[in-house]
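Accompanying notes for the structure given below.
Below, all heavy atoms of this structure are taken into account, side chains as well, without hydrogens, waters or symmetry copies. Just so you know, ligand 1 is whichever comes first in the structure, and atom 1 is the first atom listed for that ligand.
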Amino acid sequence: MKAKKAFAALLAAALLTVSSISVSAVDLNVPAKDVINVEKIDFNNPGFIRGMDVSSVISLENAGVTFKNESGEEHDIFSILAQNGVNYIRVRVWNDPFDSSGSGYGGGNNDLNTAKLIGKRAADNGMKLLVDLHYSDFWADPAKQKAPKAWADFSVAQKQSALYDYTLNSLNEIKVAGADIGMVQIGNETTTGIAGVSDFNDVYKLFSAGAKAVRDFDKNVLVALHFTNPEKTSTIKWFADYLSQKRVDYDVFATSYYPSWHGSLNNLTDVFNYVSGTYGKYTMVAETSYPFTLDDTDGHGNTISKWNNNTDENMLWDFSTQGQADEVRAVMNAVNNVNNGKGLGVFYWEGAWITVGDTTGKSGSAWTRQYNKNKALWESYGCGWASSYSAEYDPDDAGQYFGGSAVDNQAFFGADGKALPSLHVFKNVITGSMDIDVLPGDANGDGVVSIKDVTSVQRFLSEYEEPSDECRLAADVNRNCVLSINDVTAIQRYLAEYDIELL
Ligand code: CA
């Protein structure tokens, strides 16, 4: 009993010395012990992006939401993300997401000031920023690419000039606020155009104006263009060919990948291989997500639910935290499989857009009371996907169907704000992880820790013996995912202390 305690203390001391996980030259040859199983990925690109979009968090915090680690301790969400292996943050920026009386359209009210706050907190926790400029006052996607109010009457030439100025000014402000900008998106899901321009005889001029602004801001910052529907192979090829013919200056060809809509992962790798193989561009998934449950927690229906989008043949994984981690790992693997290290990374979309008030288990008037409370918060703080105030700008969609989060079941945090174990996937893709029980130090698997285990670890190290996964985990007593002489020393120290206890 005493010996066990001493060992636990030793282990705790060793764990404290483990620094944050990053891709390194060290061969991480032991999987982490974890409730989430993740097979490690041998990344071809050492800087592989394991990113997350958390654009809504400032509005959620304003509405009173707090984020906690898995033990339930409140921390800055950016530190929780960084400690779990997230290395890049993405933030959307709308030019002016407010109506004529100054009320926010919702969706996080993501203006330039919000991007500054998020960029600074990301940088404070060692994470770079991808600035996702929509060039619209609200959501830009294949169905909508509406120009900002201030640009409504502009000609294409005037938009080019306005877009250049807006890009350069915004990036300078975000940088001054303390962000570490690594990449900039010229438009969001620009499959049907950008900033109210849908004629592709003109669209490229706006891409080029934005790209020039990024180059003038900082030559080391990557320029990304973002499309959708990788399942339509010919469409993706058309865009890549178009950008080349029009001599658009960019670095990263990105797409969204939502498994319910966007085909197989093998197809994703194939279309990325075309783009990188033909034009030498980096490729990236700018958005993906997957539900850990089909249940809703805020009273606003979810995009993937018991009734919606859960049966497609590419929804391959369980609706559980393990399944969510599996999806992230699979998408990262598909991007990593792009030839010549041209797979740059993956961003998870809105991994923290949780409920502002849990409706779980409530029914009848209790449910209605909670829903009405949530609705008031979405309206006041803009923390739902859209508020009623968006009607002025987007009367037909947001103005009709405004409400809460449609992705609270795809976050890495529960309704109580506590991190889910699936969040570990962002570091476990580096080390691998396994959910098996082992006695730390029992490297030969005979159920006790003894001098024989010291010999066993030495044999593993000298490659006399290939350990089983269980023995490898047990031998890595300092849990740093590397077997080394330090593990041998740790077991020897434990045995020495054990002897002293006996005396
Ligand atoms: Ca919801």
Side-chain angles (χ1 to χ4, degrees), residues 52-68 77 92 104-110 138-139 141 143 256 258-261 287-312 315 317-321 323-324 327 348-390 394 397-420 422-423:
M52 194 183 291
D53 188 316
V54 288
S55 297
S56 61
V57 295
I58 303 293
S59 66
L60 289 167
E61 289 173 349
N62 290 342
V65 169
T66 55
F67 293 94
K68 295 122 192 153
I77 181 173
R92 62 175 165 272
Y105 294 164
N109 293 344
N110 278 87
F138 208 34
W139 298 108
D141 56 42
S256 296
Y258 293 105
S260 186
W261 300 295
E287 296 182 12
T288 189
S289 69
Y290 203 78
F292 65 90
T293 172
L294 294 178
D295 294 333
D296 172 59
T297 58
D298 73 347
H300 180 88
N302 293 333
T303 51
I304 312 280
S305 73
K306 290 183 187 74
W307 305 279
N308 262 341
N309 305 312
N310 70 65
T311 56
D312 186 274
M315 297 294 279
W317 307 277
D318 291 343
F319 302 122
S320 65
T321 49
Q324 188 185 28
E327 194 263 359
Y348 195 91
W349 191 70
E350 283 288 5
W353 204 344
I354 60 172
T355 182
V356 289
D358 195 357
T359 55
T360 305
K362 295 191 164 80
S363 61
S365 58
W367 188 92
T368 307
R369 263 199 308 280
Q370 185 63 62
Y371 177 72
N372 287 335
K373 269 189 199 169
N374 292 355
K375 223 161 105 176
L377 292 170
W378 300 330
E379 288 288 284
S380 298
Y381 297 100
C383 49
W385 86 272
S387 75
S388 64
Y389 308 110
S390 63
D394 181 14
D397 184 22
Q400 302 284 324
Y401 307 108
F402 58 89
S405 172
V407 292
D408 46 305
N409 64 335
Q410 302 189 48
F412 288 96
F413 296 83
D416 54 2
K418 246 170 77 172
L420 300 174
S422 43
L423 185 56

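Residue Q324 holds its CD atom at 6.5 Å from CG of L420, rounded to the nearest 0.5 Å.
Residues satisfying the side chain to side chain contact (heavy atoms under 4.5 Å, CB included) criterion with N310, sequence neighbours excluded, are L294, I304, F319. Partners of Y258 under the side-chain hydrogen bond (donor to acceptor under 3.5 Å, both in side chains) rule, at least two apart in sequence or in another chain, are E287.
The one candidate from T359, V356, D298 that meets the side-chain contact (heavy atoms from CB on, under 4.5 Å) condition with Q370 is T359.
Around the Ca ion (ligand 1), the protein contributes the following N, O or S atoms under 3.0 Å, ordered by chain and number: D296 OD1, D298 OD1, H300 O, N302 OD1, S405 O, D408 OD1.
Within 6.0 Å of NZ on K306 lie more than 12 heavy atoms contributed by other residues, nucleotides or ligands.
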Identify every side-chain donor-acceptor pair in residues 361-369 under 3.5 Å, counting partners at least two apart or on other chains, and give the distances.
unit_1, atom_1, unit_2, atom_2, d
K362, NZ, D358, O, 3.1
T368, OG1, G364, O, 3.1

